[in-house]
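Report on the structure given below.
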Amino acid sequence: MTASVKPEYHKTLFFRLLGIGIHQKLLAFASLIILLIIFSVTSPNFMQTSNMIAILQAASVNGVLAIAVTLVIITGGIDLSVGTLMTFCAVIAGVVLTYWGMPLPLGILAALLAGALCGLCSGTFVAKMHIPPFIATLGMMLILKGLSLVISGTRPIYFNDTPGFDQIARGSVIGELIPSLPIPNGVLILFIVAITASYILNRTILGRYAFAIGSNEEAVRLSGVNTARWKMTIYALAGSICGIAGILIASRLNSAQPALGLGYELEAIAAVVIGGTSLSGGRGTIVGTLIGALIIATLTNGLRVLAVAQEWQTIVTGAIIILAVYADMLRRKNTA
Amino acid sequence: MPIIIEMTGVEKKFPGVHALKGAQFELQAGEVHALMGENGAGKSTLMKILAGIYQPDRGDVRIYHTKVSPHSPRDAQQLGIGFIHQELCLMDDLTAAQNIFIGREPRLSFGRVDETALNRQAIDIFASMNVDLNPRSLVGHLTIAKQQMIEIAKALSFKPRVLIMDEPTAALNDAEIAELFMTIRRLKSEGVGIIYISHKMDELKQIADRVTVMRDGEYVATVGVKETPVSTIIAMMVGRKLTATSTETPDLSEATTALEVIGLNRGQHIRDISFSLKKGEILGFAGLMGAGRTEVVRAIFGADRKDSGEIRVHGTPCIIDKPVDAVRLGIGYLSEDRKRFGLATGMSIRDNIALASLNRFSGKIGQLDEDGIRGAARSFICTQAIRTPSDQQEVRLLSGGNQQKVVIAKWLLADCDILIFDEPTRGIDIGAKSEIYALLDQLAKDGKAIIVISSELPEIIRLSHRIAVMCEGRLTGILPGGTNTSQKDIMQLATQTNAIMHTIGN
């Protein structure tokens with residue numbers, strides 16, 4: 001018998017970059033479309049451009065955090081510290097820019113470096129000291145929350161002295177080019193982060209090892225791969241992405257709010273899970289996470305437009321998570 | 001003595017394996033009846049049928065002449081059959097008494113557990129076994145021997161008429177074995193029938209009354225232990241027919257030494273192992289289950305730690321602490337458990353083949369040369385005749401033989417010239433087996449140095465140029481390969497518990 005090899009799939013570069021497994025992501029994507037249809041039928045104000053942009057804007061910070069968590073979850077881990085790390089990075093940017101009066105690029109760099117360093121710490125706890133990821137990042141979550149409060153003296157740090165800082169998330173480069181499409185930079189940054197993360201996951205050695213480690217870490221180790229080093233790299237990368245989220249949220253609020261952050265990690269994990277990434281590792285896509293973040297933002301926005309009380313929005317989101325995971329399990333059972 | 005158990009004409013097929021072919025077995029009250037045979041002879045399957053874990057395809061099981069068919073371990077328990085598995089299954093964080101009565105704790109009102117009654121009942125059982133054990137001690141804090149006693153106590157709490165013990169002495173030292181044998185003799189005197197599965201000949205002579213030998217799923221004979229010499233029992237166990245043609249041992253006197261292991265040690269599992277392996281040579285490792293073969297090769301590969309010992313690769317002493325070090329030196333390890341240790345089964349063939357050599361296919365910023373990886377994967381799919389519709393196929397969808405070829409391809413792509421195969425044909429059907437054999441022969445001809453671990457003697461004899469035999473962590477001898485060595489020679493060394501090194505030839 002000879003081995004026959006099928007011709008390569010003719011996917012466009014765009015889809016391949018996003019790593020779409022069309023049939024896999026169909027479920028989450030279809031739910032998003034259905035949500036959009038339901039809300040636009042029930043409320044005439046929903047489908048306006050300004051509201052759509054508001055949804056995208058609302059999804060941007062959570063989306064970036066969710067991408068960071070996706071990377072870690074694909075290796076079979078979890079990162080509970082993304083929310084408070086985001087705040088920590090924002091505070092660091094505040095210290096560098098407002099307290100020390102350094103130029104804007106240095107502030108951004110400091111936030112990214114702080115994120116990477118904290119991620120490296122989590123990664124070391126997990127990969128070198130073999131502390132379960134849940135515990136290691138739970139510890140980091142609390143440490144970073146405390147550090148943010150200590151460094152800032154529990155007061156918000158404002159960026160009034162740094163001109164252009166609020167434009168990082170709120171300005172619109174696209175809107176300057178196409179005035180009818182004032183998409184804020186925050187959304188643009190979300191998509192740039194998503195495409196970069198997708199490239200890393202699907203096209204680089206780091207991404208390949210991330211999937212392989214999540215799929216069977218021992219087999220990868222026995223293949224002569226330094227799994228500890230690669231896991232630490234993933235946590236560090238996720239940390240620096242949290243740094244980006246920190247800059248985004250600080251820019252939107254034009255301040256670093258040290259008390260913020262707790263709870264963001266759960267919303268990020270919710271987006272990842274709704275997007276079909278398996279919590280047991282080895283499987284996941286950035287585009288799924290993106291859709292997950294959009295579903296949460298759409299729900300929150302749509303229910304608010306329909307004047308549903310805030311407390312009910314939380315209940316609905318919780319129910320959606322359980323439904324999404326159950327639907328995904330059913331789908332897996334059918335395809336297995 | 002009354003007969004408790006009769007099993008006759010028992011047939012059992014698993015996908016691809018005819019595990020039991022008309023097997024039979026008989027147990028009398030108050031006897032210790034040993035069950036022997038090579039790995040894969042069908043002992044465990046037969047006992048699992050008796051214990052209700054498997055159901056036979058055909059055949060009768062009778063207890064006191066009444067036909068029974070236990071459908072679950074619980075059924076078997078109610079019929080008075082207790083099974084002490086080789087692997088202890090106790091909950092470390094519960095006490096001895098809690099373990100014994102798990103699932104049937106004496107209750108007080110509102111579902112409260114009556115700990116006092118629980119402990120009292122446990123003390124009664126320990127007293128009947130003449131064992132001094134505190135029922136309140138946590139199982140995790142006890143020695144393996146004591147844990148074994150708790151397993152036995154648990155089995156006895158069901159008041160069994162039959163007790164099956166699978167390799168009960170595997171983890172015990174001599175004093176503990178003596179303690180266990182006393183318990184067995186006491187049970188025997190109370191009329192309990194004991195089925196004793198073991199590979200150790202000397203134990204058999206001490207404790208067993210009769211022995212039943214199985215081979216290839218068939219019943220060979222039942223004989224009395226006292227009047228039968230060990231060599232006769234070994235002769236009954238072996239004698240499987242060689243299926244394939246035997247290998248010709250090449251002349252390797254000119255070949256250079258690829259791997260040399262000197263004085264490798266780790267606790268009880270690896271005891272002073274030394275051997276050498278030449279380029280182009282296939283060195284077989286034979287031995288019974290638990291002889292320490294896998295432990296030795298994992299230690300060489302750096303997957304597990306070692307206490308002492310030197311490893312030389314191509315004549316140079318090397319430090320191998322991690323698999324990374326081994327792979328860098330060109331050593332590849334193919335585990336006996338492909339799915340756990342060899343493959344990322346959810347990933348594609350292409351990704352798995354490239355797993356050990358991704359560094360070579362990545363650029364400055366770590367971007368992967370996907371075309372290069374695809375080319376390499378496809379060329380291995382062709383040369384090794386891996387049957388798959390595409391190199392993007394998930395590995396879990398392949399057959400065992402094809403999965404094994406993917407693992408081999410992984411190491412060949414990583415340029416390994418010392419390859420360690422641990423049970424290379426486990427779970428692989430006969431057709432694919434001969435393909436794997438041919439592949440190994442070819443690799444040796446190409447100058448690779450190869451270690452093969454196998455529990456199947458015909459396979460070891462078919463493949464090896466030399467055969468290293470291990471027993472209880474020691475190398476008991478190195479035999480020449482090919483037709484010069486019989487299965488009986490190997491079995492003799494594999495059951496030889498005293499550490500005399502026999503070297504024949506070489």
Side-chain angles (χ1 to χ4, degrees), chain A residues 1-11 13 16-17 19 21 24 74-76 127-128 196-230 233-234 237 277-278 280-284 332 335-336, chain B residues 298 301-303 322-329 331-335 337-347 351-352 354-359 361-363 365-368 370 373-374 377-378 380-393 395-396 402 407 410-411 414 416:
Chain A
M1 205 190 286
T2 52
S4 63
V5 176
K6 253 199 287 186
E8 190 59 12
Y9 302 104
H10 291 286
K11 283 188 199 164
L13 184 63
R16 291 180 50 171
L17 277 183
Q24 260 183 34
I74 283 173
T75 66
K128 288 279 186 196
T196 313
S198 245
Y199 180 84
I200 290 172
L201 272 182
N202 297 304
R203 288 307 179 88
T204 69
I205 192 164
L206 176 61
R208 194 60 47 88
Y209 283 145
F211 279 112
I213 288 171
S215 178
N216 188 347
E217 182 168 352
E218 187 60 7
V220 180
R221 190 180 77 94
L222 290 178
S223 295
V225 176
N226 190 339
T227 48
R229 203 184 79 196
W230 292 106
T233 313
I234 283 285
L237 178 64
T277 291
S278 155
S280 51
R283 272 167 209 277
R332 263 168 225 273
T335 53
Chain B
R298 280 182 60 103
F301 186 66
K322 299 187 293 292
V324 187
D325 304 331
V327 174
R328 208 171 285 142
L329 292 164
I331 305 176
Y333 169 60
L334 292 87
S335 163
D337 192 339
R338 286 183 293 278
K339 285 182 187 150
R340 266 175 69 202
F341 301 128
L343 294 163
T345 49
M347 298 180 80
D351 289 343
N352 271 285
L355 197 56
S357 6
L358 277 185
N359 280 323
F361 290 103
S362 65
I365 58 158
Q367 82 276 25
L368 289 172
E370 204 65 54
I373 297 176
R374 181 176 53 230
R378 287 187 181 175
F380 277 111
I381 289 173
C382 285
T383 56
Q384 308 219 19
I386 300 173
R387 268 154 230 141
T388 171
S390 143
D391 63 322
Q392 290 283 50
Q393 178 90 325
V395 165
R396 68 185 169 90
N402 283 308
V407 186
K410 174 176 84 177
W411 290 117
C416 286

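First the proteins, then the strands, lettered A, B, ... as listed; each starts at 1. Source: prediction; values computed, not measured.
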Looking only at heavy atoms, the pair that brings Ala344(B) and Ser215(A) closest together is CB-OG, 3.4 Å
| query | So, the side chain of Arg221(A) versus the backbone of Ala303(B): is there a donor-acceptor pair under 3.5 Å, distance only? | reply | yes
The interface call for Ser335(B) against chain A, heavy-atom contacts under 4.5 Å, is neither
Here the gap from Ile373(B) atom CD1 to Arg208(A) atom CZ, rounded to the nearest 0.5 Å, amounts to 5.5 Å
Turns out that what part of Asn359(B) lies under 4.5 Å from chain A's heavy atoms comes down to both
The interface call for Val324(B) against chain A, heavy-atom contacts under 4.5 Å, is both
Bottom line for Arg340(B): the part with an atom under 4.5 Å from chain A's heavy atoms is backbone
Applying a strict 4.5 Å limit to non-hydrogen atoms, the region of Leu358(B) in contact with chain A is both
Distance col, row Lys410(B):NZ vs Leu222(A):CG, nearest 0.5 angstrom, shows 7.5 Å
Given 3.5 Å as the limit, does a donor-acceptor pair link the side chain of Asn216(A) with the main chain of Lys339(B), or not?
yes
Side chain to side chain, Val220(A) and Leu355(B), heavy atoms closer than 4.5 Å:
yes
dist Leu368(B):CG -> Leu206(A):CG (nearest 0.5 Å) comes out at 9.5 Å
When the 4.5 angstrom heavy-atom criterion is applied to Phe301(B) and chain A, the contacting part is side chain
